[in-house]
Amino acid sequence: MNKKANIYVDYDEKIGNADNRLFSSFVEHMGRAVYGGIYDPQNALSDENGFRTDVAEYIRELNVKYVRYPGGNFVSGYDWKNGIGKKEDRPLLPDLAWSLMEPNEIGVDEFFAWAEKLGLEPIMAVNLGTGTPQSAFELIQYCNGTQGYWADLRRKNGREKPYGVKYWCLGNEMDGEWQICARTAENYAQIAKMTAKMLKDYDPTIKLIFCGSSSSDMKTFPEWEKTVLYQCYDYVDLVSSHKYFSYDKKSEQAKNEFFGSSNGFDKNIEYLTEIIDEVHKKRLKDFPETKKRNIGIALDEWNIWYYHEGSDLDKVWVVGAAREENVYTARDAVVFASLINSILNHCDSIEIACYAQLVNVIAPILTQTGGKAIKQTIFYPLKYAANNLSGDVYKCKTDCDDFKAGKYGKVPSLSVSFVKNENKAYFWVCNLSEETIDASFIAEENIFFNKAVFMTESDEVNSFENPFNVLPSEAEVKDNKLTLLPRTWYFIEGEVK
Ligand code: AHR
């Protein structure tokens with residue numbers, strides 16, 4: 001017998017607003033993300049600038065708002081000045097982050113021109129590993145300036161209008177021992193604050209993203225956040241948070257736990273929000289004249305990541321060898337979809353979320369250098385989310401059962417969110433349990449749910465030989481009721497009459 005569950009919208013609890021800034025992405029100079037991914041001059045499908053039109057088309061389908069660039073770990077050893085000007089003068093240099101060579105064929109101007117063509121807004125990361133506040137200051141002059149040497153140099157390099165970059169990341173994962181020139185919290189707070197002051201004095205319209213701990217599993221968490229946010233308080237707009245999930249594919253138990261990932265994600269986000277509140281209180285107590293700032297979360301790296309899967313680690317000090325080219329199953333897509341619920345249900349504190357990454361490196365799009373491009377399983381939940389889930393997000397309640405998810409404990413079988421705008425309303429639902437559930441959707445009377453798109457977990461993947469092996473299916477919602485298959489993601493659409 002099927003289980004039964006009601007899913008209610010709680011109209012008294014509006015969480016916030018959603019739009020495609022929550023489905024932003026990330027392109028790092030890493031592996032084949034840039035070289036062989038978005039850029040592949042030898043490919044017959046590339047445009048006059050060497051950028052792949054097939055990949056561009058897939059990215060357009062994902063309706064990406066912001067794209068973080070150029071790293072990632074890469075940025076901590078990167079000198080942006082090597083990537084501007086005449087291509088033939090640009091140096092080929094080792095990148096210590098990924099043991100590859102960086103030809104500097106793509107730099108700020110090429111990347112920004114590409115992004116603009118696709119309607120993406122770059123989030124620029126500055127190097128606070130080997131870099132200096134001065135180099136970051138020169139970069140913002142180059143990107144956003146109208147006068148002076150750096151703005152003139154940009155003009156000379158072919159770009160008249162300033163790029164007007166709004167979001168700036170002050171370094172990347174600076175607490176991680178793997179980071180080029182990692183720092184202590186005090187040390188990072190000092191350089192980040194100096195850089196922040198220079199950037200904001202120059203362009204007060206920008207928003208600054210300070211590094212949080214690389215992950216909530218780090219020993220530095222949450223003391224790092226407390227130190228950095230407290231010391232840099234007057235400059236912080238956002239604090240970054242990174243989170244990746246995976247499981248041991250040989251273990252059934254681990255697989256079960258994997259389906260509880262969104263519960264862990266929720267807790268991480270809520271804990272970080274508490275830490276931010278704690279810092280507000282301490283600052284306002286210690287400095288009563290302080291004006292309370294609005295500090296949000298930039299969840300600027302999140303995904304499922306099987307470390308070193310799809311990596312050609314024997315190939316070092318070459319351009320564009322494979323790094324972290326994970327191939328995602330339908331199971332990954334279901335868990336990935338449940339992580340989208342965590343983001344939507346915390347959109348009051350998350351200002352931006354970037355899934356990491358966009359092409360080849362732990363990405364929804366995979367390419368062959370010189371060959372084809374395919375859409376991975378996780379492409380589909382992203383596509384439906386980014387193109388539809390915009391509007392007011394309300395809390396949902398359900399009377400569903402729980403299932404046992406290892407370290408996450410007992411987790412509700414249904415992970416749910418609800419978004420509504422003038423014309424449409426959506427439930428985003430994942431049945432994480434092994435049970436079939438007859439669900440009733442209870443929202444305002446003038447909303448009529450009719451269409452559902454779904455994908456059920458399995459080991460199946462899309463490949464270059466079989467690119468459409470895993471595709472979402474369609475179901476009909478009748479009288480606001482739908483039978484939810486075990487371990488399945490659903491996008492449910494309704495008309496607001
Ligand atoms: O997204 C891949 C890597 O993961 C990034 O370079 C780094 O910031 C994180 O550890």
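Since the model is a prediction, treat every value here as computed from it, not as a measurement. Every number for a ligand or one of its atoms is a count from 1 in the order of the listing. Numbers here simply count residues along the sequence, with the first being 1.
Of all the atoms in ligand 1, the ones that sit under 4.0 Å from a non-hydrogen atom of G72 are 5 (C), 6 (O), 8 (O). Of all atoms in ligand 1, listed by their number and element, those nearer than 4.0 Å to a heavy atom of N172 are 7 (C), 8 (O). Below 4.0 Å from some heavy atom of F26 lie the following atoms of ligand 1, by number and element: 1 (O).
Within the 4.5 Å cutoff, the side chain of F26 has no heavy atoms near those of the I362 side chain.
Classification of the F210-Y188 ring pair by plane angle, with boundaries at 30° and 60°, yields perpendicular.
The protein heavy atom nearest to atom 8 (O) of ligand 1 is E301 OE2, 2.7 Å. Closest protein heavy atom to atom 7 (C) of ligand 1: N73 OD1, 3.3 Å. Looking at atom 10 (O) of ligand 1, its nearest protein heavy atom turns out to be E173 OE1, 2.7 Å. Distance from atom 2 (C) of ligand 1 to its nearest protein heavy atom, with residue and atom name: Q357 NE2, 3.4 Å.
S338 and S415 are not linked by any side-chain donor-acceptor pair at a separation below 3.5 angstrom, with hydrogens and angles left out of the test.
For a threshold of 3.5 Å applied to N or O pairs, the pair formed by W98 and ligand 1 contains no separation below that value. Not a single N or O atom of W178, backbone or side chain, sits closer than 3.5 Å to an N or O atom of ligand 1.
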Review point. When you look at N466 and S463, which way does the side-chain hydrogen bond (donor to acceptor under 3.5 Å, both in side chains) test go after all the steps?
Key: CA-CA 5 Å; N466 197 356; S463 62; 5.6 Å; no
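In this structure, Q253 places its CD atom where only 12 or fewer heavy-atom neighbours from other residues, nucleotides or ligands lie under 6.0 Å away. Atom NZ of K372 is surrounded by 12 or fewer heavy atoms from other residues, nucleotides or ligands within 6.0 Å.
In this structure, F74 falls outside the shell of residues with a heavy atom less than 4.0 angstrom from ligand 1.
Ring to ring, F454 and F491 are not that close: their centroids are 6.0 angstrom or more apart.
In this structure, K193 forms no cation-pi arrangement with Y235, as its terminal cationic atom is not both closer than 6.0 Å to the ring centre and no more than 45° off the ring axis.
At a heavy-atom cutoff of 4.0 Å, ligand 1 is contacted by the side chain of E28 but not by its backbone.
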